[in-house]
Every structure is written in structure tokens, then in C-alpha cells.
Amino acid sequence: MNRLQGDEHVYVTKRGFGWYQQELLDLFCEEALAGGYGVIYMVRDPADVLTSRHRGDSSTQYYLSPDRWVESVRGGEHLVSQLDGRVPFLTIRYEDLVTDPEATRQQIESCFDMQLRSEVTSWSDLGENVDAGALGDLATALHSIRSFDADSIGKWKRTESLADYWEGLLCGEFGDELLQFGQRYQYDSTKIVAGS
């Protein structure tokens, strides 16, 4: 995507491990405010996040531990509280991105005064429109560049062991935070144990 006006560049990043440390959050907020940077806060159903298996790494069963998820969400919510309304800021649900990419594209274009480059025919076909080699380490962090795939939603529902693990998380130490997050971003997965 390109800016419509000026010679500004767009910087896209996937935050690295530990990005939610307070000093890094403060630095990010300071730089965003000083530079007027736009921020997209991407959220995803915690059931899908916490039951995702890490590809090719047999040393851990799940990609993300519950305590790291909680720290990451707390960091993200801190960014919302500090930046939303002060810089161009958009919260996007991953599920909306992959199930209705065109509506999400329109939200991004509107919020950030951007438009899709004319040579890109469909922005949901990232695998066809992005040169992964040009992204360097970012492509590795993203576990390859691939097109949007709605089949990535709700995998935990299709596997009994993952559903059981998820239910255990809802009843565990971080259950309240999982429920609050689910309510805030309208995720039904957090209603299973709550019975609502």
C-alpha cells in the first residue's frame, strides 16, 4: 500500500519477542506520537492463538504460552490507551481480515489515507503480490508470506484435545483476562465455560 500524499514511507513490522516490556512500549508510544505514525492493532481469537502449534519445533506443544499471551495483550491494550485518538489508529480483528479482506482494506485506506497500488489485483493474495525475499527477516518472523486463509479460524474447535486445553485455560489462572478480552472484541470462544 502507498500513501496518497507526500513522500512518506510505510513501515510494517511484526513485534519481536518481549515487545511488551514497559520501556519498549513507552519508546514506541513516544516515537508514534512524535512522528504521527499510524498504528494497526491486530487482535485474534485467543482460543486460536493459544491452541496454535509451532511449526517444526517439537520442543513446545503450543506456539504461545498463556502468560506470554497475557503480557502481549496487556501491552497492546496499553498502546490502545496511549495512542488511540492521538495518532491514526485502527483495531482490526484477524478474523475480519481473512473473512472480509476487502472491507478491511477499505478501513485501512480510510484510516491511513492510503490506497492499494494499481499493480496489485487482490491484496488478500499476499503470496502472489509480496516479494518475500525483499522482506528479509520479517518474512521469517511471519513464518512465510501466504494468502489470507479463513481455514485458520477455529481450528481448536475441530480437535477435541485442543478444545479441552482451551476449556482448561478458561478455568485457569488467566481465565478472567481471557473472558474480558473475548467480551471486548466479541469472541464467542470465551463463552464456552462462562455459559453466556
Side-chain angles (χ1 to χ4, degrees), residues 1-16 19-22 24-49 69 71-132 134-139 141-150 152-154 177 180-190:
M1 299 184 109
N2 289 336
R3 293 291 260 171
L4 288 175
Q5 303 166 356
D7 292 327
E8 299 142 323
H9 290 58
V10 176
Y11 179 69
V12 177
T13 184
K14 178 179 180 182
R15 308 307 292 173
W19 69 270
Y20 44 76
Q21 295 171 22
Q22 191 60 52
L24 296 177
L25 290 171
D26 291 343
L27 180 61
F28 183 89
C29 289
E30 181 182 313
E31 290 180 1
L33 290 167
Y37 300 150
V39 176
I40 295 175
Y41 177 44
M42 177 81 65
V43 297
R44 187 171 183 188
D45 187 333
D48 283 324
V49 173
W69 178 86
E71 292 299 319
S72 180
V73 166
R74 288 176 183 166
E77 296 300 313
H78 177 76
L79 295 180
V80 171
S81 72
Q82 296 300 306
L83 298 174
D84 192 9
R86 300 177 72 192
V87 298
F89 195 98
L90 182 62
T91 299
I92 296 176
R93 289 176 8 129
Y94 171 83
E95 295 77 12
D96 297 334
L97 172 69
V98 300
T99 60
D100 195 352
E102 288 308 308
T104 304
R105 177 189 56 79
Q106 290 171 5
Q107 289 177 322
I108 293 169
E109 288 178 347
S110 176
C111 183
F112 301 104
D113 192 27
M114 300 171 78
Q115 67 182 15
L116 200 60
R117 290 191 315 260
S118 59
E119 69 270 16
V120 177
T121 57
S122 170
W123 91 297
S124 62
D125 293 328
L126 293 178
E128 296 177 20
N129 292 308
V130 174
D131 177 7
L135 295 176
D137 291 341
L138 183 57
L142 293 171
H143 306 290
S144 79
I145 303 300
R146 50 199 182 276
S147 297
F148 299 161
D149 181 7
S152 63
I153 299 170
E177 289 194 65
Q180 289 171 7
F181 184 86
Q183 289 170 348
R184 179 171 183 168
Y185 295 105
Q186 303 170 350
Y187 287 117
D188 291 337
S189 63
T190 58

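Quick note: numbers below take in every heavy atom, side chains included, and nothing from hydrogens, waters or symmetry partners.
Judged as a salt bridge (charged side-chain N to carboxylate O under 4.0 Å, His left out), and not counting sequence neighbours, Asp100 has no contacts. Residues forming a side chain to side chain donor-acceptor pair (under 3.5 Å) with Tyr37 (at least two apart in sequence, or on another chain): none. Qualifying side chain to side chain donor-acceptor pair (under 3.5 Å) partners for Gln180, counting only residues two or more places apart in sequence or in other chains: none. Residues meeting the side-chain contact (heavy atoms from CB on, under 4.5 Å) test with Gln107, sequence neighbours left out: Leu90, Thr104. Partners of Ser152 according to the side chain to side chain donor-acceptor pair (under 3.5 Å) rule, which considers only residues two or more places apart in sequence or in another chain, are Tyr94. By the side-chain contact (heavy atoms from CB on, under 4.5 Å) test, Arg74 is found to be paired with Val70, Glu71, Glu177, residues two or more places apart in sequence or in another chain being considered. Partners of Tyr185 according to the ring pair (Phe, Tyr, Trp, His ring centres under 6.0 Å) rule, which considers only residues two or more places apart in sequence or in another chain, are Phe181. Taking Glu31 as the reference, nothing meets the salt bridge (charged side-chain N to carboxylate O under 4.0 Å, His left out) condition, with sequence neighbours excluded. Residues satisfying the side-chain contact (heavy atoms from CB on, under 4.5 Å) criterion with Ser110, sequence neighbours excluded, are absent altogether. Under the salt bridge (charged side-chain N to carboxylate O under 4.0 Å, His left out) criterion, Glu30 pairs with no residue, sequence neighbours left out.
Rounded to the nearest 0.5 angstrom, Glu102 CD and Glu109 CD are separated by 8.5 Å. Rounding to the nearest 0.5 Å places OH of Tyr41 at 7.0 Å from OG1 of Thr91.
Proximity of Val87 to Leu33: side-chain heavy atoms (C-beta onward) are separated by under 4.5 Å at one or more points. Within the 4.5 Å cutoff, the side chain of Leu25 has heavy atoms near those of the Gln22 side chain. The shortest side-chain heavy-atom distance between Ile108 and Ile40 falls under the 4.5 Å cut-off. The shortest distance between side-chain heavy atoms of Arg44 and Arg93 does not fall below 4.5 Å.
Here the closest heavy-atom approach between residue Trp69 and residue Pro46 is recorded as CZ2-CB, 3.6 Å. Across Pro88 and Cys111, no two heavy atoms sit closer than the pair CB-O, 4.0 Å. Here the shortest heavy-atom pairing between Trp19 and Gly76 reads CH2-N, 3.4 Å. Between Glu95 and Asp48 the shortest heavy-atom distance is OE2-OD2, 4.3 Å.
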Which pairs of donor and acceptor atoms, one on a side chain in residues 79-86, lie under 3.5 Å apart (sequence neighbours left out)?
residue	atom	partner	partner atom	Å
Ser81	OG	His78	O	2.8
Arg86	NH1	Gln82	O	3.2

Please lay out, stage by stage, how Met42 and Leu97 fare under the test side chain to side chain contact (heavy atoms under 4.5 Å, CB included). CA-CA 9 Å; Met42 177 81 65; Leu97 172 69; 3.7 Å; yes

